[in-house]
Amino acid sequence: GIHTLTDDNGNTVDLILAPYRDRRMIGAPTNTDAIDEISQNLDDLYSKCSSKTRIVIGHFMMEKSITGENPDSFSINELILPIKIFSKFEMVVMGHVHRHSVLSKESTIAIYSGSMDKKDFGEKHHEKVALIVDTDNIKNTEVLKSKTRNLYEMNLDYTEGDKYFKHQITDRIILDIDKFNMKYDLE
């Protein structure tokens, strides 16, 4: 649905929230049919908007978003939405892809906020950000770098003789890590 926010001066912005859905969840026979249904739903919602600023916030993949990500890790039911289906809106902000990126600065600004923290070592070089959207001037959206944990890889190669003492060696390393106030997860 549409959620209208009003500031202290009476200015409004319409937010359309779009939770994650894949082809099966929509019940469409093909991905193209599912994307067409989403596009129609967006058009219907747009026609009910009353604010001059309309923003879609969701959890979908958009075209141009899988560069640097592994496309094989996504399901065949994954919907990759064309940016053009958001062309009536001033801005679209999506999640789902963990790397922050700006996909379009055209009439519709399309941004991936990215995840808030580094989930695994595949994201160890990702820059994490927060967005501050000026709803009076969408093009003036501010991207702030977030402080997140750093991930460090440790490769331990135990010699044949050390394998018997592996747990004692690992425990000693963990104690040393604790001395440096570093966090670790052995699982």
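None of these values were measured; they are calculated from a predicted model. Side-chain atoms are counted along with the backbone in the values below, which use heavy atoms only and exclude waters and symmetry mates. Numbering of residues begins at 1 and proceeds along the displayed sequence.
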Checklist entry - Do the non-hydrogen side-chain atoms of Ile111 and Met91 ever get within less than 4.5 Å of each other? => result yes
Item to check | Spatial distance of atom CD1 (Ile85) from atom CG (Asn41) [nearest 0.5 Å] | outcome: 9.5 Å
Next on the checklist: Other residues, nucleotides and ligands only: do more than 12 of their heavy atoms fall within 6.0 Å of NZ on Lys139?
Outcome noted: yes
Next on the checklist: Do Ile83 and Leu103 have side chains that approach each other closer than 4.5 Å (heavy atoms only, starting at C-beta)?
Outcome noted: yes
Next on the checklist: Please find the pair of heavy atoms, one from Leu45 and one from Ile2, that lie closest to each other, and give the distance.
Outcome noted: O-CD1, 3.2 Å
Checklist entry - When rounded to the nearest 0.5 angstrom, what is the spacing between CZ in Arg21 and CG in Asn77? => result 14.0 Å
Next on the checklist: With side chain to side chain contact (heavy atoms under 4.5 Å, CB included) as the criterion, how do Thr6 and Asn11 come out once you've worked through the C-alpha distance, each side chain's angles and the decisive distance to 0.1 Å?
Outcome noted: CA-CA 5 Å; Thr6 306; Asn11 300 316; over 6 Å; no
Next on the checklist: A side-chain contact here means heavy atoms from C-beta on lying under 4.5 Å apart; do Glu63 and Leu81 qualify?
Outcome noted: no
Next on the checklist: Within the structure provided, determine whether Glu127 and Lys145 are in side-chain contact (heavy-atom separation under 4.5 Å).
Outcome noted: yes
Checklist entry - Which heavy-atom pair separates Ser146 from Ala130 by the least distance, and what is that distance? => result OG-N, 3.5 Å
Next on the checklist: Distance check, rounded to the nearest 0.5 Å: Leu15 atom CG versus Phe89 atom CZ?
Outcome noted: 11.0 Å
Next on the checklist: For a quick test of reading the model, state the closest non-hydrogen atom pair linking Arg23 to Thr30 and the distance between them.
Outcome noted: CD-C, 3.4 Å
Item to check | Spacing of CD1 belonging to Ile38 relative to CG belonging to Asp43, to within rounding of 0.5 Å | outcome: 12.0 Å
Item to check | Side-chain touch Cys49/Ile16, heavy atoms, less than 4.5 angstrom | outcome: yes
Checklist entry - Ser113 and Gly95: which non-hydrogen atoms are nearest, and at how many Å? => result OG-CA, 4.3 Å
Next on the checklist: Could you check whether any side-chain heavy atom of Tyr20 comes within less than 4.5 Å of a side-chain heavy atom of Met25, counting everything from C-beta outward?
Outcome noted: yes
Checklist entry - Atom OG in Ser51, atom CD in Glu90: separation rounded to 0.5 Å? => result 9.5 Å
Checklist entry - Hey, what do you get for CD1 (Ile80) to CG (Asn31), rounding to the nearest 0.5 Å? => result 8.5 Å
Checklist entry - Do Met62 and Val92 pass the side chain to side chain contact (heavy atoms under 4.5 Å, CB included) test, and can you show the C-alpha distance, the side-chain angles, and the key distance before you say yes or no? => result CA-CA 10 Å; Met62 292 187 291; Val92 56; 4.1 Å; yes
Next on the checklist: For a 4.5 angstrom cut-off between non-hydrogen side-chain atoms, does Ile35 reach Asp33?
Outcome noted: no
Checklist outcome for this item: In short, Ser87 meets Thr108 closest at the heavy-atom pair O-OG1, 3.3 Å
Checklist entry - Are Asp14 and Thr53 close enough, and set up right, to give a side chain to side chain contact (heavy atoms under 4.5 Å, CB included), and what steps lead you there? => result CA-CA 6 Å; Asp14 287 332; Thr53 304; over 6 Å; no
Item to check | Pair Gln40-Asp44, side-chain donor/acceptor within less than 3.5 Å | outcome: yes
Checklist entry - Any side-chain heavy-atom pair from Ile26 and Leu79 closer than 4.5 angstrom? => result yes
Checklist entry - Nearest heavy-atom pair of Ala28 and Ala34: which atoms, and what distance? => result CB-N, 3.5 Å
Item to check | Verdict with reasoning, Arg54 to Phe86, per side chain to side chain contact (heavy atoms under 4.5 Å, CB included) | outcome: CA-CA 10 Å; Arg54 295 148 303 231; Phe86 303 101; over 6 Å; no
